[in-house]
Undergrad: 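Below you will find the structure I want to go over with you.
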Amino acid sequence: MRPTRRTSRGSGMDHTRTHITRHETDVLVLGAGLAGLRAAWAALAENPGARVTVISAGSGPSGSSFANLHDRLGMQTCPTDEDAADLVAEALAVGRPGHVEPVLAQALATDARERFEDMKDLGLPFIARQNGSPELFSACFSPASRRAVVFEDLGRVFTAFKTRGEELGGHFLSGLTVRGLVVRDGRALGALAEDARGRASLFMAKAVIMALGGPAPLFAHNQAGPGNPGFSLGLLGRAGARLVNQGYLQYMWASLPDRAFWNLAAKARQGLVVRSPDGGLVPLPDDLAELAAERKTHCPFGHGLPDAELDRFLLRHLDAEGAVMVRAAAEDFTRVAPMAHAGNGGALIDEHGQTSVAGLYACGECASGMHGANRIGGAMVLATQVFGTRAGRHAAGTLKKNPESSDISFSELMNDSLAPRSQGGRGTEPDRDREHLHALAWSLQMNMAMQKSPTLEAARAELSRRREQTAGWRARLALETGMELLTHIASHN
Ligand SMILES: Cc1cc2nc3c(=O)[nH]c(=O)nc-3n(C[C@H](O)[C@H](O)[C@H](O)COP(=O)(O)OP(=O)(O)OC[C@H]3O[C@@H](n4cnc5c(N)ncnc54)[C@H](O)[C@@H]3O)c2cc1C
């Protein structure tokens with residue numbers, strides 16, 4: 001079933017705009033990554049009569065789910081009950097010092113087998129053994145386990161998920177960037193989105209599922225897939241959703257300019273020498289070299305773990321472009337940088353995927369509480385499937401209990417969180433926004449990974465000043481997201 005649609009004149013939102021296209025739907029899914037597409041599928045399966053609309057900025061395979069540079073993803077599965085118990089225990093242990101809810105870690109483990117079966121039904125291309133069954137792999141922070149599967153050809157995976165949603169009657173719109181959630185009296189009622197030509201669409205819905213991915217694209221050096229502007233946490237923050245673990249991102253070392261994975265743990269075992277920006281050579285101290293064995297259990301920076309000192313050793317020698325020249329024994333110098341890879345923070349959800357705002361669900365990389373500061377490798381993809389499914393089902397299953405939203409006028413909904421501000425500094429708005437986004441990217445790059453940087457507070461103040469100066473909604477949302485990350489990491493280290 002298609003969403004109904006009508007236009008309204010003279011919104012007062014933007015002097016250059018005269019028409020806002022208004023859509024009505026039942027379940028509005030924001031984002032077409034693994035989380036959003038899984039949520040749409042679950043909503044349609046749960047309530048075949050429901051109108052389910054998915055909107056995304058990217059068109060075709062986008063985001064870290066379907067357009068990441070590896071073209072493959074690992075996912076935790078729990079073939080046995082013992083595996084499930086281990087996953088829960090490990091998720092809670094590595095989640096410290098972040099915020100992990102045992103009930104959410106348990107949900108991940110409990111649903112893992114069923115979600116994996118769904119993906120097999122979909123015909124995903126898993127790496128298989130000779131007998132055809134999916135190969136089981138170990139994972140970061142869980143080196144002894146054999147619970148993770150790997151699927152490849154992410155463009156094909158996107159098509160499989162989207163086709164399932166289309167077959168069930170879902171409606172998919174791309175090229176629309178969400179600029180605000182519509183919240184009235186503490187209840188989410190829809191979202192406002194804009195296309196590349198600045199045309200606005202208002203989507204009113206009985207339930208809204210946020211699946212807009214994480215903040216890694218905001219960093220100067222990152223490995224996230226394209227099509228995600230990176231400000232989901234800013235949107236959630238404005239809507240009043242409770243956020244947790246915002247500052248805990250995964251960082252992977254990679255060589256420049258190709259962003260190829262550079263294995264710090266393996267290199268450190270051979271002995272490292274750094275060439276500092278002033279040309280001096282600095283060998284890795286012996287006490288840090290001893291940490292290489294612990295660092296071997298995971299590729300990302302380990303928040304709160306002793307072996308993070310190894311990463312900090314490199315971070316202390318970053319040049320102005322956020323990179324460091326480093327040489328492992330018998331190799332040439334390589335230029336490497338910490339890449340923002342994926343965030344572990346987002347809206348704290350309950351076991352149904354509900355945020356603290358009524359009618360607003362979150363799943364995937366913009367939701368949190370099932371992971372903390374660190375997460376088990378493959379647990380994010382599992383989270384997209386488990387909480388995408390739970391959110392979709394719950395949202396579609398409770399529709400009849402929600403009030404009709406059709407009586408709400410657009411002008412009534414225009415509040416400060418949706419309307420742009422007219423003030424600004426010199427230059428044209430796009431120029432200024434580009435400058436602000438550039439400054440944000442480098443501020444996050446140079447301050448976040450180090451965690452204990454004395455410049456965190458100054459960086460936050462600078463972003464706040466820039467936020468006040470910009471009228472552009474994209475830059476403002478990005479700056480607000482950056483402030484969320486810096487504020488969190490400053491207050492937790
Ligand atoms: C290189 C790389 C390798 C990874 N490997 C693994 C792995 O092996 N295992 C694992 O568990 N995790 C891995 N991750 C992390 C994992 O891939 C992601 O966290 C996960 O896929 C995120 O899924 P998502 O659906 O939440 O978001 P995404 O896949 O990022 O999708 C976000 C969607 O929202 C849309 N969007 C965003 N903002 C807006 C907006 N304002 N308006 C409209 N649309 C918007 C985008 O266009 C996109 O459709 C990896 C990440 C990277 C970068």
Side-chain angles (χ1 to χ4, degrees), residues 28-40 54-77 108 137 139-140 148-152 154 157-158 161-162 172-181 191-195 201 203 209-219 222-236 249-252 254 259-261 299-300 339-344 346 362-368 370-371 375-388 391 473-474 477-478 481:
L28 177 63
V29 179
L30 308 177
L34 275 164
L37 294 186
R38 191 62 188 84
V54 180
I55 62 177
S56 67
S59 56
S62 64
S64 291
S65 297
F66 301 125
N68 83 53
L69 75 174
H70 297 156
D71 200 27
R72 60 166 57 184
L73 286 170
M75 183 179 91
Q76 285 286 316
T77 67
L108 268 187
F137 296 89
C140 281
V149 293
V150 173
F151 52 92
E152 304 180 288
L154 300 178
V157 175
F158 168 75
F161 270 92
K162 185 164 177 245
F172 295 81
L173 301 170
S174 60
L176 287 169
T177 302
V178 177
R179 54 172 288 180
L181 295 172
L192 182 69
E194 233 180 73
D195 70 12
S201 291
F203 293 84
I209 302 179
M210 271 283 277
L212 294 180
L218 296 178
F219 286 67
N222 72 76
Q223 294 185 316
N228 172 8
F231 49 64
S232 58
L233 300 193
L235 289 165
L236 284 162
L249 279 90
Q250 292 198 333
Y251 304 94
M252 305 278 196
R259 297 190 296 164
F261 177 58
C299 301
M339 302 269 158
H341 181 257
N344 289 334
C363 53
E365 205 180 311
C366 66
S368 192
M370 69 300 299
H371 333 287
R375 69 173 162 79
I376 308 291
M380 185 67 90
V381 169
L382 178 59
T384 66
Q385 300 305 289
V386 168
F387 292 104
W473 57 267
R474 283 187 176 81
L477 280 164
T481 303

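Just follow the structure's listing: the first ligand is 1, and inside any ligand the first atom is 1.
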Undergrad: Which atoms of ligand 1 are found less than 4.0 Å from any heavy atom of Ala57?
TA: 43 (C), 44 (N), 45 (C), 47 (O)
Undergrad: Are the side chains of Leu181 and Leu30 in contact, using a 4.5 Å heavy-atom criterion?
TA: yes
Undergrad: For ligand 1, is any non-hydrogen atom under 4.0 Å from His341's backbone (N, CA, C, O), its side chain (CB onward), both, or neither?
TA: both
Undergrad: Under a 4.0 angstrom heavy-atom cut-off, which atoms of ligand 1 come close to Gln223?
TA: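 Checking each atom against Gln223, I get 1 (C), 53 (C).
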Undergrad: Which protein non-hydrogen atom lies closest to atom 48 (C) of ligand 1, naming both residue and atom, and how far is it?
TA: Ser62 OG, 3.5 Å
Undergrad: Between His70 and ligand 1, is there a nitrogen or oxygen pair with a distance under 3.5 Å?
TA: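 There is no such contact.
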Undergrad: Output yes when the distance from some N or O of ligand 1 to some N or O of Arg72 is under 3.5 Å, and no in every other case.
TA: no
Undergrad: Counting from 1, what ligand 1 atoms have a heavy atom of Ala35 closer than 4.0 Å?
TA: 25 (O), 26 (O)
Undergrad: Going by the side-chain contact (heavy atoms from CB on, under 4.5 Å) test, name the single residue among Leu382, Leu108, Ile209 that passes it with Phe387.
TA: Leu108
Undergrad: I want to check something: taking the side chain as every heavy atom from C-beta on, are Leu218 and Thr481 in contact at a cut-off of under 4.5 Å?
TA: yes
Undergrad: Looking only at protein heavy atoms, identify the closest one to atom 42 (N) of ligand 1 and say how far it is in Å.
TA: Val178 N, 2.7 Å
Undergrad: What atoms of ligand 1 come closer than 4.0 angstrom to any heavy atom of Gly31?
TA: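 Once the distances to Gly31 are compared, the set is 33 (C), 34 (O), 35 (C).
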Undergrad: Which ligand 1 atoms does Thr384 reach within 4.0 Å, using its non-hydrogen atoms?
TA: 23 (O)
Undergrad: Looking only at atom types and distance, does a side-chain atom of Gln223 sit under 3.5 Å from a main-chain N or O of Leu69, one as donor and one as acceptor?
TA: no
Undergrad: For Gly225 and Ser64, which heavy atoms make the closest approach, and how far apart are they?
TA: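 Closest pair (atom of Gly225, atom of Ser64, distance): N-OG, 3.3 Å.
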Undergrad: Give the atom numbers and elements of ligand 1 that come within less than 4.0 Å of a heavy atom of Gly33.
TA: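 So the atoms of ligand 1 that pass are 25 (O), 29 (O), 31 (O), 33 (C), 49 (O).
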Undergrad: What atoms of ligand 1 come within less than 4.0 Å of a heavy atom belonging to Leu73?
TA: 4 (C), 5 (N), 6 (C), 7 (C), 8 (O), 13 (C), 17 (O)
Undergrad: Report the part of Ala211 in contact with ligand 1, treating N, CA, C, O as backbone and CB onward as side chain, heavy atoms under 4.0 Å; options are side chain, backbone, both, neither.
TA: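 Looking at Ala211 and ligand 1, just backbone atoms fall under 4.0 Å.
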Undergrad: Can you name the nearest heavy-atom pair linking Ala216 to His341, along with the distance?
TA: CB-O, 3.8 Å
Undergrad: I'd like the name of whichever of Ile55, Leu37, Val381 reaches closest to atom 10 (C) of ligand 1 through any heavy atom.
TA: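 Among Ile55, Leu37, Val381, the closest heavy atom to atom 10 (C) of ligand 1 belongs to Val381.
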Undergrad: Under 30°, 30 to 60°, or over 60°: which ring-plane class applies to Phe231 and Trp473, parallel, tilted or perpendicular?
TA: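 Judged by the thresholds at 30° and 60°, the geometry between Phe231 and Trp473 is perpendicular.
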Undergrad: For a quick test of reading the model, state the closest non-hydrogen atom pair linking Gly377 to Gln76 and the distance between them.
TA: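 Taking Gly377 first and Gln76 second, the nearest heavy atoms are O-NE2, 2.9 Å.
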Undergrad: Tell me the contacting part of Phe231 for ligand 1: side chain, backbone, both, or neither, using a 4.0 Å heavy-atom threshold, strictly below.
TA: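 Within the 4.0 Å criterion, Phe231 contacts ligand 1 through side-chain atoms alone.
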Undergrad: Nearest heavy atom to atom 38 (N) of ligand 1 wins, so pick from Ser56, Pro229, Ala342.
TA: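 Ranked by closest heavy atom to atom 38 (N) of ligand 1, first place is Pro229.
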Undergrad: Judged on heavy-atom distance to atom 23 (O) of ligand 1, which of Gly364, Ala383, Ser65 sits nearest?
TA: Ser65
Undergrad: So, does Asn222 use its side chain to make a donor-acceptor pair with the main chain of Phe219 at under 3.5 Å?
TA: yes
Undergrad: Report the member of Ile376, Leu212, Leu176, Asn68 with the shortest heavy-atom distance to atom 36 (N) of ligand 1.
TA: Leu212
Undergrad: Heavy atoms, side chains only, cut-off 4.5 Å: are Phe66 and Leu37 in contact?
TA: yes
Undergrad: Consider every N or O of Met380 and every N or O of ligand 1, then say whether any pair is closer than 3.5 Å.
TA: yes
Undergrad: Which option, Ala216, Gly227, Ser64, owns the non-hydrogen atom nearest atom 47 (O) of ligand 1?
TA: Gly227
Undergrad: Can you list the ligand 1 atoms lying under 4.0 Å from a non-hydrogen atom of Leu69?
TA: 1 (C)
Undergrad: For ligand 1, which is the ligand I care about here, please tell me if Gly58 has any N or O atom under 3.5 Å from one of the ligand's N or O atoms.
TA: yes
Undergrad: Is it the case that ligand 1 has an N or O less than 3.5 angstrom from some N or O of Gly225?
TA: no
Undergrad: Give the residue, atom name and distance (to 0.1 Å) of the protein heavy atom nearest atom 27 (O) of ligand 1.
TA: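 Checked against all protein heavy atoms, atom 27 (O) of ligand 1 sits closest to Gly213 CA, 3.3 Å.
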Undergrad: To which of Gly63, Ala32, Gly378 does the heavy atom nearest atom 33 (C) of ligand 1 belong?
TA: Ala32
Undergrad: Is ligand 1 less than 4.0 angstrom away from at least one heavy atom of Ala224?
TA: yes
Undergrad: Quick one: are Cys140 and Ile376 in side-chain contact, heavy atoms under 4.5 Å?
TA: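 Cys140 does not reach Ile376 side chain to side chain.
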Undergrad: Please examine the side chains of Gln250 and Arg375, heavy atoms only from C-beta on, and report whether any two atoms are closer than 4.5 Å.
TA: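 Of all side-chain heavy-atom pairs linking Gln250 with Arg375, at least one is under 4.5 Å.
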Undergrad: Assess the residue pair Cys366 and Leu236 against the criterion (side chain to side chain contact (heavy atoms under 4.5 Å, CB included)); give the C-alpha distance rounded to whole Å, side-chain angles, the decisive distance to 0.1 Å, and a yes or no.
TA: CA-CA 9 Å; Cys366 66; Leu236 284 162; 4.1 Å; yes
Undergrad: Give the minimum heavy-atom separation between Ala193 and Leu176, together with the two atoms involved.
TA: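 It is CB-CB, 4.1 Å.
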Undergrad: So is Gly36 polar-close to ligand 1, meaning N/O to N/O under 3.5 Å?
TA: no
Undergrad: How does Ala379 reach ligand 1, by side chain, by backbone, by both or by neither, if only non-hydrogen atoms under 4.0 Å count?
TA: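 For Ala379, only backbone atoms sit under 4.0 Å from ligand 1.
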Undergrad: Can you find a pair of side-chain heavy atoms, one from Ser201 and one from Asp195, that are under 4.5 Å apart?
TA: no
Undergrad: Check whether any side-chain heavy atom of Leu235 lies under 4.5 Å from a side-chain heavy atom of Arg179, and answer yes or no.
TA: no
Undergrad: Quick test: of every protein heavy atom, which one is nearest to atom 9 (N) of ligand 1, and how far off is it to 0.1 Å?
TA: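 Going by distance alone, atom 9 (N) of ligand 1 is nearest to Gly74 O, 2.8 Å.
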Undergrad: Among Leu477, Leu212, Leu192, whose side-chain contact (heavy atoms from CB on, under 4.5 Å) with Val178 holds?
TA: Leu212
Undergrad: Among protein heavy atoms, which lies nearest atom 26 (O) of ligand 1, and at what distance?
TA: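 Answer, as residue, atom name and distance: Glu365 N, 2.9 Å.
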Undergrad: What I'd like to find out is whether the side chain of Arg72 reaches to under 4.5 Å of the side chain of Phe151, using heavy atoms alone.
TA: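 Side-chain contact under 4.5 Å: no.
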Undergrad: Quick one: does ligand 1 sit under 4.0 Å from the side chain of Thr177, the backbone, both or neither, non-hydrogen atoms only?
TA: both
Undergrad: Using non-hydrogen atoms of the residue, decide whether Ser232 is closer than 4.0 angstrom to ligand 1.
TA: no
